Amino acid sequence: MSRILDIFTKDALDAARANNTYRSMRLMETPESSCVKIRMPNGALQEQILLASNSYLDLANVDELKQAMAQAVLEWGTGSGGARLTTGNKSPHQELEEFIAKFKGEESAITFNTGYMANVGTISALCGKNDFVFSDELNHASIIDGIRLSRAKCFIYKHNDMADLERVIKEAAGLGAVSAFRGLIVTDAVFSMDGDLANLPELLRIAKENDCLLMIDEAHATGVLGKTGRGLAEHYGCAHADVTIGTLSKAVAAEGGFVAGKQQLIDFLRNKARSFIFTTAMAPAVAAAACNNLRYIDTHPERVQNLRDNVKFFCEALQHEGVKVEQSPSVIVPIVIGDEARALEISAALQDAGILIPAIRYPTVAKGQARLRASLMATHTHEQLQTAATVIAQAVKECV
Ligand SMILES: Cc1ncc(COP(=O)(O)O)c(C=O)c1O
């Protein structure tokens, strides 16, 4: 290996191997669904109950949606051929954005190629180096990267601690000329590694009282929270944030990110968000698939209800088996192990037993907070979930 490449990469790789944070990928040889087959280290193909998917509603496998996407490929081809502002903007993109706005109850929406790009592009367009961003300490990496790119002054508040948020806003307001103060509060709606929810009613109050813009990231809330899966505002029955981010890659089971809000916000992002402007538009067939899948959620609220029922069943089954978990308000159920090596060992034992739950480690979560992150799907059967709960309890007891 070249000496220069060693200088850039070797220490980081060695350190990751030494502290059990080295990342590799498992190979799945069947489509994403509640039951999958993966290639095991010994070369065998083994069936697994999948408790790790973001495809919460299991829409990736609905026949009519697969056929609709195939039809869209036949109609629109394999790629978009240009950026949205050059030649890439096709009817499916526009239809998708109109439907997102309707689904989210907003004036307008704009799509990005990923949720990551939506966060990075939106925050860095809205904020500059003279602005203040108030960010929950457990926010997703894409929010953190957006803040870094914006060069705004960032104040991290303690996780979901509204008093601490008010404290940092007061501190920031004292730093600049009050007339020039521009502050953005930003938070995940559902925290991706803990599964708990942001306190939207309180955030709305604090944003209003302090003249801040409020942005929430509904990556794990869209299609999941609220009676019909419309997200955090539907869950609480309250007003919306000024800026709602979402992804089309999780419960919607396609790809892409979006921002929904007032027309003026969307016009601004179309003009200023660099991750929207300087990239090729998503394939029209992907936009069509995302739109079809969202319509499906709209007309099948019972799918969202099944998901909620499964979460309740699974948390109760784990508690009954003596595993320390709380009833999750979302579909993410963290089983905190602590030690990185032990979390890896338990995850491997579960995989051998046919249950796929990855160990989440630093830097995705804090050091010493390694966990099994279970996430549920609407199509898991109670039998699968009960089996998983029993096997997990056993593995947690045995791996010491
Ligand atoms: C909270 C949160 N925001 C944004 C993203 C990024 O979305 P995408 O996968 O569409 O890039 C993710 C996950 O990937 C997430 O968990």
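When a ligand or atom number is given, it counts from 1 through the structure's own listing order. Throughout, numbering of the chain's residues begins at 1 and tracks the sequence. Note that the structure is predicted; figures quoted are calculated from it, not measured.
- The protein atom (non-hydrogen) at minimum distance from atom 8 (P) of ligand 1 is Gly115 N, 3.4 Å.
- Remark: side-chain polar atoms of Glu47 are not paired, donor with acceptor, to backbone N or O of Val36 under 3.5 angstrom.
- Shortest contact from atom 3 (N) of ligand 1 to any protein heavy atom: Asp217 OD2, 2.5 Å.
- Looking at Glu340 and Arg371, no side-chain N of the basic residue comes within less than 4.0 Å of a carboxylate O on the acidic one, giving no salt bridge.
- The main-chain N or O of Gly183 is never found under 3.5 Å from a side-chain atom of Asp131 such that the two would form a donor-acceptor pair.
- Judged by distance alone, with hydrogens and angles left aside, the side-chain atoms of Arg39 form a donor-acceptor pair with the main-chain N or O of Gly43 at under 3.5 Å.
- For the 3.5 Å distance criterion, the side chains of Tyr56 and His220 qualify, holding a donor opposite an acceptor.
- Under 4.0 angstrom from ligand 1, the non-hydrogen atoms of Lys250 all belong to its side chain.
- Residue, atom and distance of the protein heavy atom nearest to atom 10 (O) of ligand 1 are Thr247 OG1, 2.6 Å.
- Asn160 and Asn199 share no donor-acceptor pair across their side chains, judged by distance under 3.5 Å alone.
- Among Met193, Glu255, His140, the residue whose heavy atom lies nearest to atom 15 (C) of ligand 1 is His140.
- At a 4.0 Å cut-off, not a single heavy atom of Gly257 sits close enough to ligand 1 to count as contact.
- The minimum heavy-atom distance linking Ala198 with Tyr236 is given by the pair O-OH, 2.8 Å.
- The atoms of ligand 1 that sit less than 4.0 Å from any heavy atom of Asp188 are 1 (C).
- The shortest N or O to N or O distance between Val190 and ligand 1 is not below 3.5 Å.
- The aromatic rings of Phe276 and Phe112 stand perpendicular to each other, their planes meeting at an angle above 60°, with 30° marking the opposite boundary.
- Close approach of ligand 1 to His220 is summarised as follows: ligand atoms under 4.0 Å from at least one heavy atom of the residue are 1 (C), 15 (C), 16 (O).
- Between Phe191 and His159, the angle of the ring planes goes over 60°, which puts this pair in the perpendicular group of the 30/60° scheme.
- Interface atoms of ligand 1 facing Ser142, defined by a heavy-atom separation under 4.0 Å, are 3 (N), 4 (C).
- Ligand 1 does not have Met117 within reach: every non-hydrogen atom of the residue lies 4.0 Å or more from it.
- If you check which protein heavy atom lies closest to atom 11 (O) of ligand 1, you get Tyr116 N, 2.9 Å.
- Ranking the protein heavy atoms by distance from atom 9 (O) of ligand 1 puts Ser249 OG, 3.4 Å first.
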